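The block underneath contains the structure these notes are about, expressed in structure tokens.
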Amino acid sequence: MKRCYSTFKKPLNSNQLQLFSLESCKSMNQIKQTHAHLITTGLILHPITANKLLKVLIASSFGSLSYAHQLFDQIPKPDVFIYNTMIKAHAVIPTSSHNSMRIFLSMVRVSGFLPNRYTFVFVFKACGNGLGVLEGEQIRVHAIKIGLESNLFVTNAMIRMYANWGLVDEARRVFDWSLDQDLYSWNIMIGGYVGSGEIGRAKEMFDEMSERDVVSWTTIIAGYVQVGCFKEALDLFHEMLQTGPPPNEFTLASALAACANLVALDQGRWIHVYIDKSEIKMNERLLASLLDMYAKCGEIDFAAKVFHDEYGLKLKVWPWNAMIGGYAMHGKSKEAIDLFEQMKVEKVSPNKVTFVALLNACSHGKLVEEGRGYFKSMASSYGIEPEIEHYGCMVDLLGRSGLLKEAEETVFNMPMAPDATIWGALLGACRIHKDIERGQRIGKIIKELDSDHIGCHVLLANLYSASGQWDEAKAVRQKIEVSGRKKTPGCSSIELNGVFHQFLVGDRSHPQTKQLYLFLDEMTTKLKNAGYVPEFGEVLLDIDDEEDKETALSKHSEKLAIAFGLINTPPGTAIRIVKNLRVCADCHEATKFISKVYKREIIVRDRIRYHHFKDGFCSCKDYW
DNA sequence: TTAGGGTTAG
């Protein structure tokens with residue numbers, strides 16, 4: 001406001017006045033009015049004015065790229081600036097990047113301009129953002145001819161382009177050949193390795209850096225989060241706090257993701273306080289990470305409080321998605337649906353992630369009709385075409401609620417090829433409802449596809465053993481072993497005073513092992529006295545002896561972790577466990593009894609959702 | 001002298 005006032009006090013010439021009114025445009029209508037005015041006064045012929053109008057159209061939230069493009073087509077003699085502005089605008093939109101190329105070629109061939117270093121930065125961006133290697137190489141030849149290939153900005157854009165294509169070795173070659181590299185070059189390379197899943201090489205480069213800024217740190221921390229090394233990510237975050245630059249909102253979002261996945265509530269809370277105390281600007285993404293952390297640490301009600309307190313960010317879709325996803329995880333389907341309806345009232349447009357969360361909520365609450373309705377509304381009411389993830393949700397929803405035929409039909413009628421997750425959802429449903437015939441049929445398809453998804457084969461083996469067909473189960477297991485692929489071992493962890501303790505099935509590596517197993521024996525007896533009966537259907541090995549079956553069950557990783565929690569925490573405190581796979585029926589039953597017998601709240605997060613055990617009941621109401 | 005490169009959900 002102050003600046004506007006002082007600008008008005010100074011006398012302006014008509015040109016300045018036009019530029020000023022352009023920048024203060026608040027709607028498409030105002031832009032159109034100004035545009036008309038620029039035409040009548042002839043000012044539109046001035047390249048700077050035309051470019052300014054283009055920029056407003058491209059950069060403002062209400063502007064439109066197609067209008068900008070129309071304007072661009074009407075400019076009789078666009079200068080290099082205007083060309084570059086248009087190339088850049090199209091470059092950042094993957095579906096539009098071919099337009100960048102078209103404009104570039106027209107600039108060179110029709111107008112006969114020599115591209116400058118800015119031009120190449122934008123065109124390379126477009127190439128890495130939706131165009132192919134052929135186009136990129138073609139542009140590279142142009143750059144070499146003009147002698148701009150060695151310009152640092154251009155080189156960095158090229159490194160980024162190759163990294164985007166997944167050609168990280170070629171990116172590295174450009175990096176190594178480059179005469180000088182700066183912090184950006186290094187950060188782009190590290191980001192490239194991270195994007196290709198090569199966290200080891202990313203870390204090597206990170207360690208070699210003579211100087212690291214906040215982006216270097218954030219990239220490597222986010223990289224560890226991406227590959228599931230949450231502990232390493234958090235360790236690096238602590239190292240950064242001690243020796244590195246102050247974290248920014250990007251860093252904290254990644255650190256929160258690590259806390260969320262480790263169920264490290266104390267550290268997550270610490271970051272929340274850090275955000276409030278420091279100058280970190282809360283944005284919709286950081287808020288979403290914060291809500292996700294609270295939800296994943298079991299504090300869904302507190303997440304809701306934070307969400308409602310941050311009213312200013314309620315116009316963005318990210319926090320809504322985090323909350324709806326959080327409710328879904330906790331099986332609070334009604335709350336998730338209410339929030340989605342509230343979102344409509346607030347006129348926040350949902351995106352595809354919103355529907356994944358919403359359909360998951362329906363799935364966990366067995367809300368078949370609602371799920372069907374929302375799935376249909378995606379395309380008809382919101383213009384969002386369902387993607388494979390949404391079909392996955394539907395297969396899961398239908399299958400788990402027992403509508404196996406409809407679930408199978410959904411898979412066969414999908415507009416895209418089903419992936420391993422889809423087959424897994426269907427097979428999982430067959431297992432829950434003990435539909436051997438269908439399961440075998442699905443299993444055969446999976447075998448034919450020779451899916452790399454090891455989980456599918458394991459599910460098939462489990463389906464056989466759950467129905468007592470030990471020979472078939474053995475055969476599938478042997479095939480898995482022969483193929484040399486490894487089943488992900490069940491692993492549960494618990495945080496105690498900031499230290500994580502991990503347990504595998506039958507783990508004997510923990511220092512407290514002896515005490516732990518003694519406690520487990522005692523615990524099993526107590527549970528049985530309270531009415532607990534082991535569920536042998538979950539014993540996946542061909543064991544004849546009842547007693548041995550029971551021993552196999554009692555060593556499941558979540559039981560070990562819970563026992564460890566019971567031993568090491570004061571009576572009455574909640575125990576938080578995180579498991580990498582789904583919780584098994586027997587552990588689920590046992591944990592209900594533990595919560596009652598030991599008077600503890602036990603919050604277990606499995607691969608898909610939360611189980612909140614209290615007084616002998618679970619929040620999932622035995623439907624998961 | 002109106003422009004440039006790197007990092008954040010399911």
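Source: prediction; values computed, not measured. Below, chains carry the letters A, B, ... as their sequence lines are ordered, and counting in each starts from 1.
- Atom CG of L287(A) and atom P of dA9(B) are 15 Å apart (whole Å).
- Using a 4.0 Å heavy-atom cutoff across all strands shown, R285(A) reaches at least one base atom of the nucleic acid.
- Between K88(A) and dG4(B) there is a side-chain N or O to OP1 or OP2 distance below 4.0 Å.
- Residue contacts shown for N360(A) are absent, as no nucleic acid heavy atom lies under 4.0 Å away.
- Residue-to-nucleotide contacts include a donor-acceptor pair under 3.5 Å from the side chain of D213(A) to the base of dG6(B).
- Side-chain proximity of F122(A) to dG4(B), dG6(B), dA9(B): nearest is dG4(B).
- The aromatic ring of Y118(A) sits over the base of dA3(B), with ring centres less than 5.5 Å apart and planes inclined by under 30°.
- Nucleic acid contact for I220(A): none, since no nucleic acid atom lies under 4.0 Å from a heavy atom of the residue.
- For the pair L291(A) CG and dG10(B) P, the computed distance is 13 Å after rounding to whole Å.
- W318(A) qualifies as a stacking partner of the dA9(B) base, centre to centre under 5.5 Å and near-parallel within 30°.
- The pair K579(A)-D606(A) fails the salt-bridge criterion, with no side-chain N (NZ, NE, NH1 or NH2) lying under 4.0 Å from an Asp/Glu carboxylate O.
- Between R173(A) and D169(A) there is no salt bridge, since none of the side-chain N atoms of the basic residue sits less than 4.0 Å from a carboxylate O of the acidic one.
- Evaluation of atom-type donor-acceptor distances gives no pair under 3.5 Å for the side chain of N321(A) against the base of dG10(B).
- For Y391(A) and F375(A), the gap between ring centers is short of 6.0 Å.
- The separation between F72(A) atom CZ and dA3(B) atom P is 19 Å, rounded to whole Å.
- Each of dG4(B), dG10(B), dT7(B) was ranked by its minimum atom distance to the side chain of R160(A); first place goes to dT7(B).
- Comparing atom distances between the F81(A) side chain and each of dG5(B), dT7(B), dA3(B) picks out dA3(B) as nearest.
- Outside the 6.0 Å centre-distance limit, the rings of Y184(A) and F153(A) are not counted as a close aromatic pair.
- For W217(A) and F206(A), the ring centers sit closer than 6.0 Å to each other.
- For D79(A), whose side chain is taken as the heavy atoms from C-beta onward, the closest listed nucleotide among dT2(B), dT7(B), dG10(B) is dT2(B).
- Between the side-chain ring of Y184(A) and the base of dG6(B), no stacking contact exists by the 5.5 Å and 30° definition.
- Note on R609(A): every side-chain N or O is 4.0 Å or more away from OP1 and OP2 of dG10(B).
- In this structure, the nucleotide among dA3(B), dG6(B), dG4(B) sitting nearest to the side chain of L183(A) is dG6(B).
- One interatomic measurement links the two molecules: CG of D182(A) to P of dG6(B), which rounds to 12 Å at whole-angstrom precision.
- Residue N164(A) is classed as having no contact, given no heavy-atom separation below 4.0 Å to the nucleic acid.
- Contact annotation for K352(A): base contact, defined as any heavy-atom pair under 4.0 Å involving a base atom.
- Side-chain atoms of N51(A) and base atoms of dT2(B) include a donor and an acceptor less than 3.5 Å apart.
- Within the nucleic acid shown, Q226(A) comes within 4.0 Å of sugar-phosphate atoms alone, with no base atom in reach, counting heavy atoms only.
- In the set dT7(B), dG5(B), dA3(B), dA3(B) carries the atom at the smallest distance from any side-chain atom of K55(A).
- No side-chain N or O of Y382(A) forms a donor-acceptor pair with one of S377(A) less than 3.5 Å apart.
- Between L148(A) atom CG and dG5(B) atom P there is a gap of 16 Å when expressed in whole angstrom units.
- In summary, the aromatic rings of H142(A) and F120(A) are positioned with their centroids too far apart to meet the 6.0 Å limit.
- Base engagement by N151(A) is indicated by at least one non-hydrogen atom pair under 4.0 Å involving a base atom.
- Between dA3(B) and K125(A), no contact under 4.0 Å exists linking OP1 or OP2 to a side-chain N or O.
- Looking at heavy-atom distances under 4.0 Å, T219(A) makes contact with sugar-phosphate atoms alone, never a base.
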